[in-house]
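Notes for the one structure printed next.
Both backbone and side-chain heavy atoms feed into the values below; hydrogens, waters and symmetry mates do not. A, B, ... follow the sequence lines: proteins, then strands. Residue 1 opens every chain.
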Number of protein chains: 2
Amino acid sequence: MDSTNLREALRDYIKKFIHLSEEEFELLCDLFSYRKLEKREHLIKAQERCDRIIFTANGYFRFYHWNDKGIEITSDFYFVPSYTSFLTGDPSLVNVQAMESMEVLEISKSDLEKLYVKSRNIETLARKLAEMIAINSERHLFLLLGQTAETRYKELMEKYPQYIQSIPLQYIASYLGITKESLSRIRKSIH
Amino acid sequence: MDSTNLREALRDYIKKFIHLSEEEFELLCDLFSYRKLEKREHLIKAQERCDRIIFTANGYFRFYHWNDKGIEITSDFYFVPSYTSFLTGDPSLVNVQAMESMEVLEISKSDLEKLYVKSRNIETLARKLAEMIAINSERHLFLLLGQTAETRYKELMEKYPQYIQSIPLQYIASYLGITKESLSRIRKSIH
DNA sequence: GAATATATTTGACAATTGTTAAAAAAATCA
DNA sequence: TGATTTTTTTAACAATTGTCAAATATATTC
């Protein structure tokens, strides 16, 4: 996949949310810059401020931080690096790392805000993205709350089988709120 | 607090997000309707579709659902009843209940969408609300993941002492992902 | 204020999950 | 391919949390 293909993927992605005119899409696209990421490369590290949004068509990012005991906790697999930091301007609580080598388009917060003023549709797009992110978090919360670890894992298998296939189990475990050893036991007891 | 006061509280609340002209605020206000809720009254029940946003200046709502075993799980204390259902149009997964008798202003989704067309600022307000809700969920997620129950409780005490004071502990426990008995033990061991 | 309902705590025990250290399996890289 | 790194599994044991049933405490209602 090269820069042009990625651009087309972005176009398809945006179509799911809103119809942009060709001019609007060009306006937006011109402010995105293309970049290659190495596997394990960090998009952002904890304490840094996140001032951009990333689009990618291949691969996931991993969000992680360290708890009180210094254990690494994976909190999400997503594509907007530290959305909270992006919105608030506060330092990011999470590290965001490319799970595989990938190509991305990135746009800065300030450029995006300029576009809001120029194009109403682009602001509407931003609203719908925020809504989608809110829905995503709510879904993760719902998964975590009030279910046993086994149920959580089964639900993830059903709803996001691609996660289980492409993401190391140690990170899945963390996303489910358990240790990798616990997940391993659960997998054993299921099969 | 009467209808007029609630309206002023709404004005103050909105100011935190965006400056609306007096005309825009009137436009918005006219579509909100005033309503009194009894303690324990449900704003929405699971399986219903949520087609409105609520504003209140006094009191919380409780979001809850039942897990596989029929145990009641409290997932949030918030003021937009089932935001996911509101956005997607899908049936709500949660019940939303007034924690105390309160007065609210409510606006329907269709009215709100009409306003988006009439006023750009009101759409911007909607974007900022979505962003705030996304941040809220992320914060809750972060609290749940990778910390012991005791740490979670202490963190909640620090950051949201008003929750501990005004919300029954059984619901707090659930919000922290544990049983009321566990929370009771934790409180005992802390004091 | 007494009666009733709701919320919180307690204790004994069971089940789940975490911890540690090590082995086995799989993936990566030169 | 072979060596190295990373990931996953295993096992024994410890710690945490859940379950159930009952007692206490608190709040609500008439």
Quiz prompt | Contact interval (first through last nucleotide) of DNA chain C with protein chain B, 4.0 Å heavy-atom | solution = C:dT6 to C:dA12
Quiz prompt | A:K45 bridged to A:E48 by N-O distance under 4.0 Å | solution = no
Quiz item: Can any side-chain N or O of B:H140 pair as donor or acceptor with the backbone N or O of B:Y175 at less than 3.5 Å?
Solution: yes
Quiz item: Side chains of A:R62 and A:T74: donor-acceptor distance under 3.5 Å anywhere?
Solution: yes
Quiz item: Do any side-chain nitrogens or oxygens of B:K69 fall under 4.0 Å of OP1 or OP2 in D:dG18?
Solution: no
Quiz item: Reading nucleotides 6-11 of chain D from the 5' end, what letters show protein touch, with B for base, S for backbone sugar-phosphate only, - for no heavy atom under 4.0 Å?
Solution: SSBBBS
Quiz prompt | Spacing between B:L176 atom CG and D:dT17 atom C1', to the nearest angstrom | solution = 13 Å
Quiz item: Are side-chain heavy atoms of B:N95 and B:H42 found at a separation under 4.5 Å?
Solution: yes
Quiz item: Is a side-chain N or O of A:S85 found less than 3.5 angstrom from the main chain of A:C50, in a donor-acceptor match?
Solution: yes
Quiz item: Heavy atoms under 4.0 Å, any strand shown: does A:G146 hit a base, just sugar-phosphate, or nothing?
Solution: nothing
Quiz item: Hey, would you say the B:F55 and B:F32 ring centroids sit under 6.0 Å apart?
Solution: no
Quiz item: If you count the non-hydrogen atoms of other residues, nucleotides and ligands that lie under 6.0 Å from CD in A:Q162, is the total more than 12?
Solution: yes
Quiz item: What is the ring orientation for B:F86 with B:Y83, classed by angle as parallel under 30°, tilted 30 to 60°, or perpendicular over 60°?
Solution: parallel
